[in-house]
Asker: 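This is the structure I have questions about; it appears just below.
Values in this document were obtained by computation on a predicted structure and should not be read as measured data. Read the numbers this way: they start at 1 and go in the same order the structure lists the ligands and their atoms.
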Amino acid sequence: MEIDFKKEAEKLGDDLIKDLTTLINIDSVRDDEHKTTDFPLGPGPAKALNQVLAFGARDGFITKNVENMAGHIEYGSGDEILGILGHVDVVPAGEGWNTDPFNATIKDGKIYGRGSSDDKGPSLAAYYGLKLIKDLKLPVSKKVRFIFGTDEESNWEGINKYLEVEQTPDYGFSPDAEFPLINGEKGIVTFKITFNQSNEQKVIIKSFKSGIRVNMVPQTASVILDVNNIDANKVREEFSTFVSKNQLSGDIIAKNDDLTLVLNGKGSHAMDPSKGINAATYLASFINTLELNEKESNYFSFINNKLHLDFIGEKLGINFSHDIMGPLSSSPDIYDYDANKDASTILVNVRYPEGKSDQDLVSLIQNTLPSMATVQVDGHAQPPHFVSADDKLVKTLVETYRDYYDDNSEPITIGGGTYGRILDRGVAFGGMFPGRENVMHQPNEYIIIEDLLLLIAIYADAIYRLIK
Ligand code: ZN
Ligand code: ZN
């Protein structure tokens, strides 16, 4: 029996749009401030989870809620489990929206709203793909679990709780990236470099701060100088020259004994640091031209010499590349220097291919540090993940995609992390088509309705090929 998945998918468009609207209208940003024992990740993510599980129950699926942190919708039976891994949480709305980010708005064939493309839209399209298989009563021989996490955008506690409690699927995909398919995800690790230095008599730099998130190139940086120990007019002049020479923008604020310099760069995701303008390393390169004391000089010359404009960790001694997975990337994103503190820190976010461990990288960085500085892994590190392009899962998904979309490009490796990496045979598959504007995490996030319908067809066909 030949099934026209595209034609069948089009019939489900209105229902999908209705459900997607319901889901977008739930603000599901992880909310630790309002967490309770019932809602360990905050009420919003749990509400969104319960909503998708309610869609599943309404449509006749078995559903399971794992402690309001994750859950699944189940279909079919068999020893093997295909996992489909989506997430119902979203990143904060941020500034710059033309519509209410938590009130889905349809305009010009698009649905606008936070989560429309990451990941509520693609996840629901994949769910509708599964529903299509069920509605058409297609014969299947394996079990499917559509698993929803509720804090993919932060710590993955939900999905990790799920894996503690429930059986790990044998293989699977996450509809939370782009086509054709992501079979390689670089290791993700943050290194904390600490300079241990005692205070000095003559302070030029009172403090230097930059960065809000370890996975984002800092957009602004600021330094407070002590006007008693500098030629303030000269510094102002030199800073203005520096700012215009580098085609940046900045501010100079004088107050009492403080001269504050603010430099504006351009934020970007840490997995692609060359796309941003790191305000901190630029400002540090300017500070490094001042007459600094030894403590200051150790910190700022290090940033200038070992971090500034180096996106592949070459000067840190950690650059290496993998034939298929590509090069390591390095993004120094959070800075804390205070004249009154003995320890000043820099957090460097690194994405690396297979071939070295995070501890190998620690040793290499340590070799480039001055004697008063140390380096360690900060927080939770994730090793690199790779599934061969010859794996049947990869081949099946790519073949399905190619049957619907004229694109013969090969699977790719990314510097980001998706739920695909939680399974040994896990990949990310769609939902962004080539050439589409990447609006994930951006203001005015949207998904094109026509793309959503095509997604239902591709996911339905792909799931069916994997479980029939
Ligand atoms: Zn996502
Ligand atoms: Zn995201």
Asker: Taking 2.8 Å as the cut-off, does an N/O/S atom of His87 lie below it from the Zn ion (ligand 2)?
Answerer: no
Asker: Check whether Tyr299 reaches the backbone of Thr345 with its side chain - one donor and one acceptor, N or O, closer than 3.5 Å.
Answerer: yes
Asker: At a threshold of 2.8 Å, where the distance has to be below it, does the Zn ion (ligand 1) have an N, O or S atom of Glu152 nearby?
Answerer: no
Asker: Please name the residue in the list Arg114, His269, Glu153 that meets the side-chain hydrogen bond (donor to acceptor under 3.5 Å, both in side chains) test with His441.
Answerer: Glu153
Asker: For Asn68, which of Thr36, Asp38, Asn50 qualifies under side-chain hydrogen bond (donor to acceptor under 3.5 Å, both in side chains)?
Answerer: Asn50
Asker: Taking the six-membered ring of Tyr75, is the NZ or CZ of Lys143 close enough (under 6.0 Å from the centre) and on axis enough (within 45°)?
Answerer: no
Asker: Once rounded to 10°, what is the value of the angle centred on the Zn ion (ligand 2) between Asp118 OD2 and Glu153 OE1?
Answerer: 150°
